[in-house]
> 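After the structure tokens below, expect a handful of questions from me.
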Amino acid sequence: MEERELKSLLMQRLHLELLLFKDRILQKEKEDIFKSSYEIEIHVDLYEILVERADLLKKEALRGLLHLNTGILGSFYQEWMDRKDGSYEELSAYVGDRLELLSEMEKSNGTGGKEDDDGTGYDQAA
């Protein structure tokens with residue numbers, strides 16, 4: 001099979017996988033759809049990335065993707081989820097730093113955690 005045909009098959013398969021994924025998600029209750037928002041975002045992103053890069057793939061890579069026994073998008077998603085992601089740790093460190101800063105600000109105000117009645121505190125509306 002020629003490279004052009006393989007790319008066409010890949011594009012068709014990716015499109016079909018995305019449609020099936022959307023159909024599966026839309027069968028869920030509203031709350032479960034909301035809970036799946038990250039999974040939805042990643043599947044759409046993976047689809048877009050693979051479509052964008054399909055023209056750069058060689059025959060071997062195209063065949064490798066097409067011969068996956070599982071879905072391409074689902075496979076990539078699962079591998080992504082299995083990776084150690086530093087964003088949670090970074091967010092956690094940021095929140096910890098902010099909480100410590102707020103605590104220090106309270107100590108330096110001398111309020112001992114009590115709010116100022118004059119409306120001049122950092123958490124007061126203008």
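Numbers here are sequence positions counted from 1.
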> Measuring from Glu39:CD to Ile25:CD1, what's the distance to the nearest 0.5 Å?
4.5 Å

> Begin from the C-alpha positions of Glu41 and Ser37 and carry the test side-chain hydrogen bond (donor to acceptor under 3.5 Å, both in side chains) through to its verdict.
CA-CA 6 Å; Glu41 180 183 352; Ser37 61; over 6 Å; no

> What's the separation between atom CD1 in Ile72 and atom CZ in Phe76, rounded to the nearest 0.5 Å?
7.5 Å

> Enter the distance from Leu14:CG to Ile49:CD1 here, rounded to the nearest 0.5 Å.
12.0 Å

> Do you know the tightest heavy-atom contact between Glu17 and Leu73?
OE1-N, 2.8 Å

> So how far is it from Met11 CE to Leu62 CG, rounded to the nearest 0.5 Å?
10.5 Å

> Roughly how far apart are Asn109 CG and Glu104 CD, rounded to 0.5 Å?
11.5 Å

> As a quick check of understanding, evaluate side-chain contact (heavy atoms from CB on, under 4.5 Å) for Ser8 and Gln12, giving each step before the final call.
CA-CA 6 Å; Ser8 177; Gln12 290 173 25; 3.3 Å; yes

> Taking Ser36 for its side chain and Asp32 for its backbone only, find out whether a donor-acceptor pair lies under 3.5 Å.
yes

> Count I, L, V, M, F, W, Y as connected when their side-chain heavy atoms are under 4.5 Å apart, and connections chain through other members. Are Leu19 and Val44 then in the same cluster?
no

> Show me the pairs that pass side chain to side chain donor-acceptor pair (under 3.5 Å) and involve residues 47-59, at least two apart or across chains.
none

> Apply the test salt bridge (charged side-chain N to carboxylate O under 4.0 Å, His left out) to residues Glu79 and Arg83: give CA-CA distance (whole Å), side-chain angles for both, the deciding distance (0.1 Å), then the verdict.
CA-CA 7 Å; Glu79 288 177 18; Arg83 290 175 51 116; over 6 Å; no

> Got more than 12 heavy atoms from elsewhere within 6.0 Å of CD, Glu29?
no

> Would you kindly confirm whether Leu68 and Leu9 end up in one hydrophobic cluster when ILVMFWY residues are joined by side chain heavy atoms under 4.5 Å apart?
yes

> Are the side chains of Tyr77 and Met81 in touch, meaning some heavy atoms are under 4.5 Å apart?
yes

> If a pair satisfies ring-ring contact (aromatic ring centres under 6.0 Å, His included) and one of its residues is in residues 2-37, list it, with sequence neighbours excluded.
Phe21-His43

> Between atom NZ of Lys35 and atom CD1 of Ile40, what is the distance when rounded to the nearest 0.5 Å?
13.5 Å

> Determine whether more than 12 heavy atoms belonging to other residues, nucleotides or ligands lie under 6.0 Å from atom CD of Glu5.
yes

> Tell me whether Leu65 is reachable from Leu20 by hopping between hydrophobic residues (I, L, V, M, F, W, Y) whose side-chain heavy atoms are closer than 4.5 Å.
no

> Taking atom NZ of Lys22 as the centre, report whether more than 12 heavy atoms of other residues, nucleotides or ligands fall under 6.0 Å from it.
no

